[in-house]
Protein chains: 2
Amino acid sequence: MHNFEALFDYVQRLSGKTLSADDKQILIAHFKPKKIRKRQYFLQEGDVCKYTGFIVKGAAKTFTVDEKGHEHILKLSIEDWWLADFESFYKLTPSRFNIEALEDMEILQITHNLVEEFIKPIPAFSAMQNVLSQNNTIAAQKRMQSSISLTGEERFQELVNDYPHFIQRFPQNLIASYLGLTPETLSRIRKNALK
Amino acid sequence: MHNFEALFDYVQRLSGKTLSADDKQILIAHFKPKKIRKRQYFLQEGDVCKYTGFIVKGAAKTFTVDEKGHEHILKLSIEDWWLADFESFYKLTPSRFNIEALEDMEILQITHNLVEEFIKPIPAFSAMQNVLSQNNTIAAQKRMQSSISLTGEERFQELVNDYPHFIQRFPQNLIASYLGLTPETLSRIRKNALK
DNA sequence: AAAATAGATTGATCTTTATCAAGCGTATTT
DNA sequence: AAATACGCTTGATAAAGATCAATCTATTTT
């Protein structure tokens, strides 16, 4: 039961509701703990993303590889986030993305069907899903707006303000890719910013 | 009742469920039809987005204005879409966005509170919300991915493929802004593409 | 019909960012 | 301890895109 506490806390905090003992048993019964070693893949391009994973510990990157072999990082995920390519997860279509552990990870994973059948009926869980959906909508909107209207330097500054722990935790070349920049460009941006 | 049919159809189509006569009455009782003339604002920067509007007819742009006075278009919305700055709508905080009608519009508008209290209990409606949320997540992810990994030309080509009716319906300078490009750059991109 | 406005295009120039290549320091691996 | 891999930086150059200005056309507006 050790690492389920993180999930319970998360659901209760986001939903503002309490999980009953029965609710918790349902979560324990259907989420499967899994360990992923650093550099292991949670999802490979072309595969269907059958599971979503709640991150108890560790970090991962979600990325594509273009024709030139360059990685483009769509998401950097850490504790208390959900790991998945949601397009593939919802529609059960082959994914265009890879998801790879950047550190040793502990996750709690589950299929879409099990969520729908057993987990969603838990009031705190479905309330959490609604809040999460709102948060994601807001964050996606903000990131998109920055992407179309800010320079690389401004986007980097925004990331430093909004997610300072990301800057500390991840190497600069991954941050650069997440911002849609090359590592060289981000290096120069930072050098200039120290005026 | 005329323009409610579009909303009924939409809810039923997305949810895969049927609206009862009672359900329809609830929708009619709480959504308010509103007309917005071309160039009128549905939302002004600094105001709280109290309503979301289902677009029965017409089109609008959601945009910010930067310090240099340049517009950046986050969204172009047409029939069967929901009009709102959802950050402001959910949290009731002042919006950073403007929403302006690009054509004469007919919308059905409603507050967040009324949705939560009267509309969400309608099974077809909340099912529709779930599907919509999934669709939005997928679309946002795709657009973001394109933004960090594709050139302007590739993003334009993708838009032509995915939303050809947008290209026909909106002037090129708005499309450019939506893609994060200047009108001049998009004009040259199109000229080059006709090799 | 005349005037004003909106949108598209083109040219010249500047800025931002990517690419390619090299070098350097520090972890990891063996 | 040596070897390897990884991440960061810097330089030179190229490409993508922005800016500014001018022109042209087609709509609206008056």
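First the proteins, then the strands, lettered A, B, ... as listed; each starts at 1. Below, all heavy atoms of this structure are taken into account, side chains as well, without hydrogens, waters or symmetry copies.
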For B:Thr151, answer base if it contacts any base atom (sugar-phosphate contacts may also be present), sugar-phosphate if it contacts only those atoms, and nothing otherwise; contact means non-hydrogen atoms under 4.0 Å.
->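 Touches sugar-phosphate only.
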Nucleotide [N], atom [atom2] - distance to [atom1] of [X] in whole Å:
{"X": "A:Phe170", "N": "D:dG7", "atom1": "CZ", "atom2": "P", "result": "13 Å"}
{"X": "A:Glu153", "N": "C:dA18", "atom1": "CD", "atom2": "P", "result": "14 Å"}
{"X": "B:Leu102", "N": "C:dG7", "atom1": "CG", "atom2": "P", "result": "9 Å"}
{"X": "A:Asp104", "N": "C:dT28", "atom1": "CG", "atom2": "P", "result": "12 Å"}
{"X": "A:Glu100", "N": "D:dC6", "atom1": "CD", "atom2": "P", "result": "11 Å"}
{"X": "A:Leu186", "N": "D:dC8", "atom1": "CG", "atom2": "P", "result": "9 Å"}
{"X": "B:Arg190", "N": "C:dG7", "atom1": "CZ", "atom2": "P", "result": "15 Å"}
{"X": "A:Gln172", "N": "C:dG25", "atom1": "CD", "atom2": "P", "result": "17 Å"}

In the hydrophobic clustering that connects Ile, Leu, Val, Met, Phe, Trp and Tyr at side-chain heavy-atom distances below 4.5 Å, which members other than B:Val48 occupy its cluster, ordered by chain and number?
->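 B:Val48 clusters with B:Leu92.
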Who are the salt bridge (charged side-chain N to carboxylate O under 4.0 Å, His left out) partners of B:Lys50, not counting sequence neighbours?
->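 Not a single residue meets the salt bridge (charged side-chain N to carboxylate O under 4.0 Å, His left out) criterion with B:Lys50.
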What is the bend of the helix from C:dA1-D:dT30 to C:dT30-D:dA1 when you compare the axis at one end with the axis at the other, using five pairs each and rounding to 10°?
->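 Rounded to the nearest 10 degrees, the bend comes out at 50°.
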Taking N or O atoms only and anything under 3.5 Å, show me the protein contacts with nucleotides 20-30 of chain D, one pair per line.
unit_1, atom_1, unit_2, atom_2, d
D:dC20, N4, B:Glu184, OE2, 3.2

Consider the side chain of B:Lys191, meaning its heavy atoms from C-beta on, and name the nucleotide among C:dT19, C:dG11, D:dT9 that approaches it most closely.
->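 Among the listed nucleotides, the one closest to the side chain of B:Lys191 is C:dG11.
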Any B:Ser187 side-chain nitrogen or oxygen under 4.0 Å from OP1 or OP2 of C:dT9 |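 Yes, because at least one side-chain N or O of B:Ser187 sits under 4.0 Å from OP1 or OP2 of C:dT9.
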Would you please confirm or rule out a distance under 4.0 Å between OP1 or OP2 of D:dC8 and any side-chain N or O of A:Asn173?
->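 The answer is yes; a side-chain N or O of A:Asn173 sits under 4.0 Å from OP1 or OP2.
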Residue pairs fulfilling salt bridge (charged side-chain N to carboxylate O under 4.0 Å, His left out) with at least one residue in [range], sequence neighbours excluded:
{"range": "residues 118-128 of chain B", "result": "B:Glu116-B:Lys120"}
{"range": "residues 156-173 of chain B", "result": "B:Glu79-B:Arg169, B:Glu103-B:Arg169, B:Lys142-B:Asp162"}
{"range": "residues 127-139 of chain B", "result": "none"}
{"range": "residues 67-78 of chain B", "result": "B:Lys61-B:Glu71"}

Set of ring-ring contact (aromatic ring centres under 6.0 Å, His included) partners for A:His70, sequence neighbours left out =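 With sequence neighbours excluded, A:His70 shows a ring-ring contact (aromatic ring centres under 6.0 Å, His included) to no residue whatsoever.
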Would you check, one step at a time, whether the test ring-ring contact (aromatic ring centres under 6.0 Å, His included) holds for B:Phe54 with B:Tyr10?
-> CA-CA 10 Å; B:Phe54 177 80; B:Tyr10 174 84; 5.1 Å; yes
Pairing of B:Asp23 and B:Lys17 as salt bridge, 4.0 angstrom limit =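 Not counted as a salt bridge, because no side-chain N and carboxylate O are separated by less than 4.0 Å.
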